[in-house]
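We're numbering straight along the sequence, starting at 1.
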Amino acid sequence: MKKLIKSAINNKSLYDKYSKKLSIIESELNKNRFYYRNETFEFLGTDDEYYDFLKYGLKNLNNIAKINISDNENFFKFKKIKFNDFDLNIKSDSKYDFSLKLNEINEYDLKNIIKEYKNNKSYIKLSDGGYIDLNDTEISNILDILSILNIKSEKSILDINKMYYLNEKIKGNESFVKVKKKLENMIKEITKMHELKFTVPDDLNGTLRSYQIEGYKWFKSLSYLNLGGILADEMGLGKTIQTITFLLSEKLKKSLIVVPTSLIYNWISEFNKFAPALKVGIVYGDVKERKKIIQDSSKYNIIITTYGLLKNDINEYEELNFEYLILDEGQNINNYKTQTAKVVREINSNIRFVLTGTPIENNLIELWSIFDFIMPGYLYSKDEFTRKFLKDDKNMLEELKLLISPYVLKRNKKDVLKELPDKLENKVLVTLSKKQKELYDSLLLEIKNKINNQRGKENTIELFSYLMKLRQMCLDPSLILERYNGDNGKLNVTEEIIKKNINEHKIVIFSQFTSMLKKIEEKIKQKNINYVYLDGSTSAKKRIELVDKFNNDERIRIFLISLKAGGTGLNLTSSDVVIHFDPWYNPGVHDQASDRAHRIGQKNMVNIYKLIAKDTIEETIYLMQEDKKNMISEVYSFFNCI
């Protein structure tokens, strides 16, 4: 659309007097695509150029001449977006009519504004020819809110789970002053939390700590609103007993709990101990037994199965409906592409909770995957979540904080267990024996040469194999060179730590490599030290027996555990020395393993030894751990803590 600006230079005498000044003005107008034609300056540029004129050129022009605008004023300024009317009305149990009106903005323009803002446009031209600067702070704040709420028009549907975000977001925002009180009252009316008194069930066979009672009430509050969440308490704070207490209070409703195979007997034991009044069906064993329990599910308050068996039996659950679906060690679904993550979504359930001390192990997409199970669509599609939050933008991370904080409860031991002794982490740099280091350096050189010769043809599996060999060489060369019989730096240090602590302390030793655990086992046997051993081949029932034996028999001084098999679900508070024989890329895995000893019931300070082979790949892995810890710590700071 062409914009005509009336010329103020028709008078020749004035022109002669002010020709230089007018020449400067004319030059400035020309720069902004205004050209003198038929006694007027006519704009001959594009919409983008006119946007630049409004944002920058008009200001520059005003610095060299006074501008008086008598008509068509809207064409010379950006319009502002302000809320004129805003309303929320109850539609159903969990959805609300959301309507708003914006000053001088019609429905058609509003849809385009929201669309172009999502597409990162700088401005939008309205149907009446006016412009809106989408980079304006006040406007972008309003549009950010509409974007997060997924509002696309004047009338939309707002889920109850977004109302808490909206309530927090409008605090202090002048655009929402008129509706703030109404929204607060609506939330109070919806939740009626001031009238609800969630008491711990009388038939709970145990006593909850104060923070566990708050966790129980958190379960109850969300379920009252038909919402789910993530109980992300640090390992050892009793996520299981909080969950059992909640399910005991909801005994008339059917629930399904999915757990790792290694933990199924832990859950059975905990239900028998704390809630014997509940009828629990165990979908475990052979196919015939499992089908029988599933078919008779109406006889039970709770059904427990494993991730692996759920995949096998998924067709048997088609006709079943559960009020609650709870995943233990919920990080099992943090990769949305896996079959496990897909299968749990197929279960018919009204409300879903996830228990995990590590909802984020590597990146924020893992958090999205878990939320997409709990409340599908709440954090948008994966692509939209990636666009919004997977970028280095502190403001958007704050938006994510507001969105997730009501639905993630994470407490740390140091904050809620003041009586729990400290844990002391010791980074032990191990110097490899001369022969071992020579073999390591030789292998490293060989691998570098292979990689250089295959430049441009890298194979991920081969690279992973090379890394594995380097790591094994750090542990014990005999793991890849059968005839090696030389010294071993890490085994020597481990023997020293054992010798120093064995009389006064029980010791847990973790390694990712069962072949290495066997090597350590041989050394322990030679020293005539009593021990127990657990790896992935140990049955779930046998795990419980080994834990009881280690905790209750003073003669058993060492527990050898493979990291993957024993990093969760074990209570080893009889020990207060933990040795990590080798590092792993994910610090959360190490922390969970260490917390087998550092948890409720521990009376002594726990010493943790992390053995790191000096000047090797293990030092690099350790540095990666520290970097990842910082990232995870920053994200975890978002979660509300009681």
Subject >> Donor-acceptor pair, side chain of S269 and main chain of Y265, under 3.5 angstrom >> reply: no

Original post:
Is any side-chain heavy atom of L247 closer than 4.5 Å to a side-chain heavy atom of I302?
Top reply: yes

Original post:
Quick one: are the ring centres of F550 and Y531 less than 6.0 Å apart?
Top reply: no

**OP:** Count the heavy atoms belonging to other residues, nucleotides or ligands that lie under 6.0 Å from NZ of K427, then report whether that count exceeds 12.
**Re:** yes

**OP:** Would you tell me whether D476 and S478 have side-chain atoms, one donor and one acceptor, within less than 3.5 Å of each other?
**Re:** yes

Original post:
Any side-chain donor paired with an acceptor under 3.5 Å for N492 and D487?
Top reply: yes

Original post:
Got a salt bridge between D595 and K413, using NZ or NE/NH1/NH2 to carboxylate O under 4.0 Å?
Top reply: yes

**OP:** Go through the steps to decide whether D576 and N607 satisfy the test side-chain hydrogen bond (donor to acceptor under 3.5 Å, both in side chains), and finish with yes or no.
**Re:** CA-CA 6 Å; D576 52 15; N607 271 286; over 6 Å; no

**OP:** Answer yes if the ring centres of F246 and Y324 are under 6.0 angstrom apart, and no otherwise.
**Re:** yes

Original post:
Would you call K239-D233 a salt bridge at under 4.0 Å N-O?
Top reply: no

Original post:
Is the closest basic N to carboxylate O distance between E446 and K450 below 4.0 Å?
Top reply: yes

**OP:** Please confirm whether K388 makes a cation-pi placement over Y380, using NZ or CZ under 6.0 Å from the six-membered ring centre and within 45° of the ring normal.
**Re:** yes

Subject >> Donor + acceptor pair across side chains of S574, N551 (<3.5 Å) >> reply: yes

Subject >> Distance flag, aromatic centroids of F510 and F581, threshold under 6.0 Å >> reply: no

Subject >> CG-CD1 distance between N530 and I556, expressed to the nearest 0.5 angstrom >> reply: 5.0 Å

**OP:** I would like to know whether K523 and I498 meet side-chain contact (heavy atoms from CB on, under 4.5 Å); could you show each step before the answer?
**Re:** CA-CA 11 Å; K523 289 289 184 182; I498 291 174; over 6 Å; no

Subject >> Side-chain (S539) to main-chain (K542) donor-acceptor, under 3.5 angstrom >> reply: yes

Original post:
From E384 CD over to L379 CG, what is the distance, rounded to the nearest 0.5 angstrom?
Top reply: 10.5 Å

Original post:
Just how far is it from atom NZ of K292 to atom CD of E316, taken to the nearest 0.5 Å?
Top reply: 13.0 Å

Subject >> Atom pair CD1/CD1 of I579 and I509 - distance to nearest 0.5 Å >> reply: 4.5 Å

**OP:** Would you indicate whether the side-chain heavy atoms of K614 and V430 approach each other to under 4.5 Å?
**Re:** no

**OP:** Go through T573 and N571 one step at a time and tell me if the side-chain hydrogen bond (donor to acceptor under 3.5 Å, both in side chains) criterion holds.
**Re:** CA-CA 6 Å; T573 50; N571 187 334; 3.3 Å; yes

**OP:** Can you measure from CE (M235) to CG (L570) and round to the nearest 0.5 angstrom?
**Re:** 10.0 Å

Subject >> L470 side chain reached by T616 side chain, heavy atoms, under 4.5 Å >> reply: no

Original post:
Is L256 close to I326 at the side-chain level, that is, under 4.5 Å between some pair of heavy atoms?
Top reply: no

**OP:** From the options R599, H580, K423, K610, select the one residue that forms a side-chain hydrogen bond (donor to acceptor under 3.5 Å, both in side chains) with S594.
**Re:** H580

Original post:
Are D582 and K490 within salt-bridge range, i.e. N to O under 4.0 Å?
Top reply: no

Subject >> Heavy-atom pair with the smallest gap, counting every atom of V283 and L309 >> reply: O-CD1, 3.5 Å

Original post:
For the residue pair K506 and D553, what are the closest heavy atoms and their distance?
Top reply: NZ-O, 2.8 Å

Original post:
Can you check whether K401's main-chain N or O pairs, donor with acceptor, with S405's side chain at less than 3.5 Å?
Top reply: yes

Original post:
Any idea which heavy atoms bring A597 and Q602 closest together, and the distance?
Top reply: O-NE2, 2.9 Å

Original post:
More than 12 heavy atoms of other residues, nucleotides or ligands under 6.0 Å from NZ of K437: is that the case?
Top reply: yes

Original post:
Heavy atoms, side chains only, cut-off 4.5 Å: are I558 and L560 in contact?
Top reply: yes

Original post:
Taking atom types as modelled and ignoring hydrogens, do the side chains of Y533 and D535 form a donor-acceptor contact shorter than 3.5 angstrom?
Top reply: yes

Original post:
Which pair of non-hydrogen atoms, one from K549 and one from V532, has the smallest distance, and what is that distance?
Top reply: CD-CG1, 4.1 Å

Original post:
Where do D422 and H598 come nearest, in terms of heavy atoms and distance?
Top reply: C-NE2, 3.7 Å

Subject >> NZ/NE/NH1/NH2 to OD/OE distance under 4.0 Å, D415 and R411 >> reply: no

Original post:
So do the side chains of S562 and Q512 get within less than 4.5 Å of each other, counting heavy atoms only?
Top reply: no

**OP:** State, yes or no, whether a side-chain contact exists between F274 and T245 at a heavy-atom distance under 4.5 Å.
**Re:** no

Subject >> Check: I257 and I303 side chains under 4.5 Å, non-hydrogen atoms >> reply: no

Subject >> Flag for E438-Q436: side-chain donor and acceptor within less than 3.5 Å >> reply: no

**OP:** Drop me the distance from W584's CH2 to S511's OG, to the nearest 0.5 angstrom.
**Re:** 11.5 Å

Subject >> is_close_aromatic(Y407, Y378), centroid dist under 6.0 Å >> reply: yes

**OP:** Mind listing the closest non-hydrogen atom pair of I230 and P359 along with its distance?
**Re:** CG2-CB, 4.4 Å

Original post:
With the threshold set at 4.0 Å, does a side-chain nitrogen-carboxylate oxygen contact exist between K518 and E522?
Top reply: no

**OP:** Please indicate whether E419 has more than 12 foreign heavy atoms, meaning atoms of other residues, nucleotides or ligands, lying under 6.0 Å from its CD.
**Re:** yes

